[in-house]
Q: 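Okay, here's the structure, questions in a sec.
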Amino acid sequence: MNKKLIHVAAAVIEDGLGNILLAKRPDDKHQGGLWEFPGGKVEEGESPQSALFRELDEEVDIKVVTSEPLIQIPYHYPDKSVFLDVFRITNFSGKAWGKEGQETRWVPIEQLDTYSFPAANQPILNAALLSKKIFVTPAYNSLSECLQSLNNTVIKHSIDWILFRQKQLSEEDFCKWVTRLQNDSTLHSKRLTLNCSVGLANNLGANSVHLTSDRLMALSCREEFKGRFLGASCHTQEELNKAVSLKCDYVTLSPIKPTHSHPGAPALGWDVAASMISQAALPVYLLGGMNSNDLSQAQNIGAQGIAAISAWYL
């Protein structure tokens, strides 16, 4: 028997003070008692955005002023399938409250992980916590060059997520460099993701690790990594499917365009990337030939954002 597909529009609503609005599902409903991002069903003939605006007015008494697409999530429960169209709301009028009797709460973004969500909401949670831009580090000649360049980059380009990739280093030097970065006054507040093995990331107490596609395919279970954010590099549908099955928190998808670093490598292109993203229940970052001007197009096809080296390298 085919499961019913339910189209839902949901919102990550920001108050401008670092808080996100959550609503608690009634105990007698599917996934009752869990917290969720407000929204509701898209009715026949409605656009997802129109449905969301209507639902937010009916449920929490706010009128949306500014919104942007955040993520689309196909998710299959044992008894039903849902497709979530999620938007980020950055400006609204009215004072949010549980207009239908549901409990609502403004939650500091750094505390979102302490709340229990329906399984389909986990990718929304990750999308809410992760930024739009990932700076992938080039190969540095020295630790001092690395520190100076990273400090300049994060300040000039407002980067708050660094994917630390230094394949030229020995494991010993990699550990030394990571320790120094973790203690740098400018960088300690940034998300530092290590491009290394799960074992090494665990030994370094890393909160975030990014796996090569080979390491992704060799990983047997998500719980092998002890930190919070598990990401991976994907180049094929098979790799993307593996990342989804492992419940990775995000992936990079590449190459989207031809790159100098991999001349001759076939590029996926925007259309193929859009198709792959539409089937992936996790945040996807586009990589390969990306620059700052590509961010809007990436988000328009459903990506969380972009990852790049040369776009922000100083």
Side-chain angles (χ1 to χ4, degrees), residues 5 7-12 37 39 42 46-53 64 66-76 81-90 120-136 157 159 161 163 210 213 216 231-245 248-259 262 265-312:
L5 176 64
H7 192 180
V8 175
V12 174
F37 298 92
V42 179
E46 274 189 313
S47 71
Q49 192 174 46
S50 296
L52 181 63
F53 292 1
V64 177
T66 307
S67 67
E68 64 181 26
L70 180 60
I71 190 172
Q72 293 180 317
I73 303 164
Y75 196 88
H76 306 288
S81 294
V82 296
F83 185 83
L84 295 165
D85 262 306
V86 187
F87 295 81
R88 187 190 302 273
I89 308 299
T90 54
N121 275 223
Q122 185 62 41
I124 306 179
L125 172 62
N126 290 332
L129 294 173
L130 298 174
S131 56
K132 301 176 184 178
K133 300 186 292 187
I134 306 175
F135 174 58
V136 184
H157 295 290
I159 298 293
W161 189 354
L163 175 50
H210 187 91
S213 54
L216 166 69
S233 295
C234 294
H235 315 287
T236 66
Q237 188 65 54
E238 180 186 12
E239 291 166 356
L240 186 55
N241 291 343
K242 178 66 181 273
V244 172
S245 69
C248 285
D249 299 296
Y250 75 93
V251 297
T252 57
L253 182 62
S254 68
I256 305 305
K257 298 192 287 187
T259 65
H262 297 85
L268 293 172
W270 292 99
D271 290 343
V272 171
S275 177
M276 294 174 72
I277 291 169
S278 70
Q279 304 171 55
L282 80 180
V284 177
Y285 290 82
L286 303 186
L287 174 65
M290 294 291 100
N291 59 61
S292 294
N293 294 329
D294 292 318
L295 179 58
S296 294
Q297 185 173 355
Q299 291 179 295
N300 286 338
I301 67 167
Q304 171 87 3
I306 61 174
I309 301 174
S310 57
W312 305 304

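Since this is a predicted model, take the numbers as computed values, not measurements.
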Q: Evaluate the criterion side-chain contact (heavy atoms from CB on, under 4.5 Å) for residue pair I159 and W312; output intermediate values, then yes/no.
A: CA-CA 9 Å; I159 298 293; W312 305 304; 3.9 Å; yes
Q: Would L268 and L286 count as a side-chain contact (heavy atoms from CB on, under 4.5 Å) here? Give the steps.
A: CA-CA 10 Å; L268 293 172; L286 303 186; over 6 Å; no
Q: Which heavy-atom pair separates L216 from S233 by the least distance, and what is that distance?
A: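 Taking every non-hydrogen atom into account, CD2-O, 4.2 Å.
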Q: Which pair of non-hydrogen atoms, one from A120 and one from P123, has the smallest distance, and what is that distance?
A: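 So the two residues come closest at O-CD, 3.4 Å.
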Q: Of the non-hydrogen atoms in S292 and A311, which two are nearest, and what is the gap between them?
A: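 It is N-CB, 4.3 Å.
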Q: Take T252 and H210 through the test side-chain contact (heavy atoms from CB on, under 4.5 Å) and record every step on the way to the result.
A: CA-CA 9 Å; T252 57; H210 187 91; 3.5 Å; yes
Q: For V136 and A307, work out which heavy atoms get closest and say how close.
A: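 Scanning both residues, the minimum pair turns out to be CG2-CB, 4.2 Å.
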Q: Could you measure the distance from the CD atom of Q299 to the CD1 atom of I301? Nearest 0.5 Å is fine.
A: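 These two atoms lie 10.5 Å from each other.
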Q: Could you tell me which non-hydrogen atom of P48 sits nearest to which non-hydrogen atom of A9, and how far apart they are?
A: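 Residues P48 and A9, closest heavy atoms: O-CB, 3.4 Å.
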Q: Roughly how far apart are M290 CE and S254 OG, rounded to 0.5 Å?
A: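 Rounded to the nearest 0.5 Å, the CE-OG separation comes out at 9.5 Å.
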Q: Does H235 offer a backbone N or O that forms a donor-acceptor pair with the side chain of E239 under 3.5 Å?
A: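 Looks like yes, one N/O pair under 3.5 Å.
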Q: How far does CG of L253 sit from OH of Y285, to the nearest 0.5 angstrom?
A: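 With rounding to 0.5 Å, CG (L253) is 13.5 Å from OH (Y285).
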Q: Taking the side chain from S275 and the backbone from V272, do they hold a donor-acceptor pair closer than 3.5 Å?
A: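 Here the side-chain-to-backbone pair does not exist.
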Q: How long is the straight-line distance from CG of N121 back to OH of Y75, given to the nearest 0.5 Å?
A: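 Output value for this atom pair is 10.0 Å.
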Q: Could you measure the distance from the SG atom of C248 to the CG atom of L240? Nearest 0.5 Å is fine.
A: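 The SG atom of C248 sits 9.5 Å away from the CG atom of L240.
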Q: Is it the case that over 12 heavy atoms from other parts of the model lie below 6.0 angstrom from the CD atom of E68?
A: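 Yes.
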Q: Could you check L70, N126, V284 and say which one makes a side-chain contact (heavy atoms from CB on, under 4.5 Å) with Q304?
A: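 Exactly one pass, corresponding to L70.
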Q: Apply side-chain contact (heavy atoms from CB on, under 4.5 Å) to residues I306 and I256 and explain how you reach the verdict.
A: CA-CA 10 Å; I306 61 174; I256 305 305; over 6 Å; no
Q: Looking only at non-hydrogen atoms, find the nearest pair between E46 and A51 and report the distance.
A: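 Looks like OE1-CB, 3.4 Å.
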Q: So, taking the atom named CG in D294 and the one named CG in N300, what distance separates them when rounded to the nearest 0.5 Å?
A: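 The distance works out to 11.5 Å.
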Q: Check whether any side-chain heavy atom of W270 lies under 4.5 Å from a side-chain heavy atom of Q297, and answer yes or no.
A: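 SC-SC contact between W270 and Q297 confirmed.
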Q: Is there a side-chain contact between V64 and L52 (heavy atoms, below 4.5 Å)?
A: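 No, side chains not in contact.
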